[in-house]
K.L.:
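Pasting in a structure now, in structure tokens, and then I'll have a few things to ask.
Residue numbers start from 1 in every chain, and the chains themselves are labelled A, B, ... in the order their sequence lines are given, proteins ahead of strands. Values below: every heavy atom of this structure, side chains too, minus hydrogens, waters and symmetry copies.
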Amino acid sequence: MSKNYYITTPIYYPSAKPHMGHAYSSIVSDFFARFKRIEGFNVYFLTGTDEHGLKIQRAAEKNKKEPLKFCDEISNTFKDLSKTLNLSNDDFIRTTEKRHHISVQNLWNILEKKGEIYLSKYSGWYSVSDEAFYAEDEVEEKNGVKSSKVSGSMVEWVEEESFFFKLSKWQNKLLELYEKNDKFILPKSRRNEVISFVKSGLKDLSVSRKSFSWGIQVPTNKDHVIYVWLDALTNYLSALNYPNTKDNLYKDYWPCDVHMIGKDILRFHAVYWPAFLLAADLPVPKRIYGHGWILSGDEKMSKSKGNILDPLEIINEYGLDPLRYYLLKEVSFGNDGNISKDKLISCINSDLANNFGNLCQRVMAFTEKNMSLQVPKNINFNEEDLKILNKFSDNYDNLIDYINNQNINSYMNFIVDQMFIANKYFNDQEPWKKKNNLKRLNSIIYTSLELIRKISILLYPVIPNSSLKALNIFNITEEQINIESIKNNKFLESGTNIKKIDILFKKVLSND
RNA sequence: GGCGGGGUAGCUCAGUUGGUUAGAGCGCGGGACUCAUAAGCCCGAGGUCAGUGGUUCGAUCCCACUUCCCGCUACCA
């Protein structure tokens, strides 16, 4: 089995500033990347920006800037976001980069040579104001004027020369792919949607545009710009130095283990993308995961409702790790989730401050006062100690399994359970009453320290900064973190000095 | 309209391949303790598991119907 793992976020479209949805996709992906790293995998974690298209071109004109310069600036806000979110991405790709253009044009050439792309005409009812084509049944006629049923805006019959990809040809092969690998698309409900969509019949896909110029040229016809998705999806290959299939990055990491995406772009990833790849005779990714949206209260965030929660503002006010923790733990992964300041505060206070933070604090304060900040010697675990410590080794395989199935919630539940158990253990053992029974006292403290270590390691993918702070007690550095070490009940070396710890999470006093 | 997912404690969600008292966290009420961020621990209140009917010795879980919510139903991404 290969010990390589490739995970990607969507590449973000920088026509507006980053929002919670971007942050969510990124944080979730980072969580998996970090876990697989401490599991010992060589991980390649990719994110980036999609800078193609009319919207960008227009926005640049409006700002009186060269498109590329405009993109530079706006792409940087996403690079900044990656840093703000503490993403551990190995690369950040931009579709305006030369390596990407080479990659896309190469893929195009292959598809064209194989006869998968042909020149024809695209025609339909087009609304200039909506910038969209409508099907016959989406259009109605009033007083001799055709207009869109949806928007009511006027439509006109437009015919435009366009290249087409033979998507219809791949319908059965795609269904076969979904059938053969029932986890190719997750969660399952999304998989059903895709299958029913494909079963309903695929038409060939228009994969070039003539109406604007900001994009990658069709290599064989300079009047055409390559369709955004054929362009954007290929980023996953460009970053691995495709078309150089002999490159180590490509050899090690393709096919991709998981494309982490939002449910809104599932079709492009689960239908078009594998079809392009099959047609080009390239391996398809192993999994597409379409996660839900983050809502504000029960509503979609929108300017008109004034319920937008800006990730940067949240991070400024409450810190990054609390946000990461909240999104990973409180959202039922795969479904839509919601966030509000009240819920975030409640989560910070109960889970992070009162439960885990206070656990660290009480154990460390006790160790400082009674063991002069040393890992106790002469350990003799009793049944109670072992029962609790062994939970980690007993559940090790389950934890790995959770991650491999993107079951974030079970992973988080396990951690939270251990926090409760550790606090209860410390309570029940009453070390403050055992000062005349040093042998027992030593074992209690040692066990408690081990619990903190194990929990902190599990928390590393979730809240890396806070986890590292906690592990710093034991002088464990980021490079030394290893998930397998949670199986070890005697990892800590007796007699070694441990460090004091600052308050990990401050409680938030709610005043509204 | 068609296809799919869902309606489980005040809130957010688990769960049940059908089987004795249906779970967790938060919130709420009470209690004992004091190492700790007045945290933690214990006890408790609170659910006709959307409704109706059916299959079954037995259904929250299977089937049918009803009702409500959500998603998909291609070229804006």
K.L.:
Tell which nucleotide pairs with B:U21, taking only Watson-Crick or G-U wobble pairs whose two distances are both under 3.5 angstrom.
P.N.:
none
K.L.:
Determine whether any donor atom in the side chain of A:N427 lies under 3.5 Å from an acceptor atom in the base of B:C42, or the reverse, and answer yes or no.
P.N.:
no
K.L.:
Touch check for A:S200, heavy atoms < 4.0 angstrom, all strands: base, sugar-phosphate only, or nothing?
P.N.:
nothing
K.L.:
In whole Å, what separates the P atom of B:U60 from that of B:U8?
P.N.:
15 Å
K.L.:
What integer number of Å spans the P atoms of B:A39 and B:G23?
P.N.:
28 Å
K.L.:
Write down the distance separating the C1' atoms in B:U20 and B:A36, rounded off to the nearest Å.
P.N.:
42 Å
K.L.:
Between A:F426 and A:N355, name the one whose nearest nucleotide on RNA chain B is closer to the 5' end.
P.N.:
A:F426
K.L.:
Could you check whether A:N407 gets within reach of a base, just the sugar-phosphate, or nothing at all, counting any heavy atom under 4.0 Å?
P.N.:
nothing
K.L.:
The side chain of A:R362 lies closest to which of these nucleotides: B:A36, B:U37, B:A77?
P.N.:
B:A36
K.L.:
How many Å lie between CD on A:Q171 and P on B:A74, as a whole number?
P.N.:
14 Å
K.L.:
Check this for me, if you would: do A:D385 and A:R440 make a salt bridge, where the nitrogen-to-carboxylate-oxygen distance has to be below 4.0 angstrom?
P.N.:
yes
K.L.:
What integer number of Å spans the C1' atoms of B:C62 and B:G46?
P.N.:
30 Å
K.L.:
Just the rounded figure in Å: distance from P of B:U12 to CE of A:M412.
P.N.:
20 Å
K.L.:
Tell me what A:L167 touches on the nucleic acid: a base, only sugar-phosphate, or nothing, going by heavy atoms under 4.0 Å.
P.N.:
base
K.L.:
Mind checking the P distance from B:A38 to B:G27? Whole angstroms is fine.
P.N.:
15 Å
K.L.:
Write down the distance separating the P atoms in B:G44 and B:G2, rounded off to the nearest Å.
P.N.:
50 Å
K.L.:
Ring centres within less than 5.5 Å and planes less than 30° apart: is that true of A:F366 and B:C35 in this structure?
P.N.:
no
K.L.:
Hey, is the side chain of A:N358 pairing donor to acceptor with the base of B:A36 inside 3.5 Å?
P.N.:
yes
K.L.:
Could you let me know what B:U55 is paired to, Watson-Crick or G-U wobble, both distances under 3.5 Å, or none if it's on its own?
P.N.:
none
K.L.:
From the set B:A77, B:A36, B:U12, return the single nucleotide nearest to any side-chain atom of A:F268.
P.N.:
B:A77
K.L.:
Using Watson-Crick or G-U wobble geometry with both distances below 3.5 Å, tell me the partner of B:A9, or none.
P.N.:
none
K.L.:
Should A:E317 and A:K341 count as an ion pair when the cut-off is N to O under 4.0 Å?
P.N.:
yes
K.L.:
For A:D50 and A:H52, indicate whether the former's side chain and the latter's backbone hold a donor-acceptor pair under 3.5 Å.
P.N.:
yes
K.L.:
Need one value for A:A353: base, sugar-phosphate or nothing, where a base atom within 4.0 Å counts as base even if backbone is also close, heavy atoms only.
P.N.:
base
K.L.:
Answer yes or no: does atom NZ of A:K169 have more than 12 heavy-atom neighbours from other residues, nucleotides or ligands under 6.0 Å?
P.N.:
yes
K.L.:
Are A:E193 and A:R190 close enough for a salt bridge, meaning some N to O gap below 4.0 Å?
P.N.:
yes
K.L.:
According to the Watson-Crick and G-U wobble definitions, with both distances under 3.5 Å, which nucleotide is paired to B:G1?
P.N.:
B:U73
K.L.:
So which one's nearest nucleotide on RNA chain B is more toward 5', A:F197 or A:E193?
P.N.:
A:E193
K.L.:
Quick one: is B:C42 close enough that its OP1 or OP2 comes under 4.0 Å of any side-chain N or O from A:K424?
P.N.:
yes
K.L.:
Are A:F31 and A:Y411 close enough that their ring centres sit under 6.0 Å apart?
P.N.:
yes
K.L.:
If pairing requires Watson-Crick or G-U wobble contacts with both distances under 3.5 Å, which nucleotide is the partner of B:C28?
P.N.:
B:G44
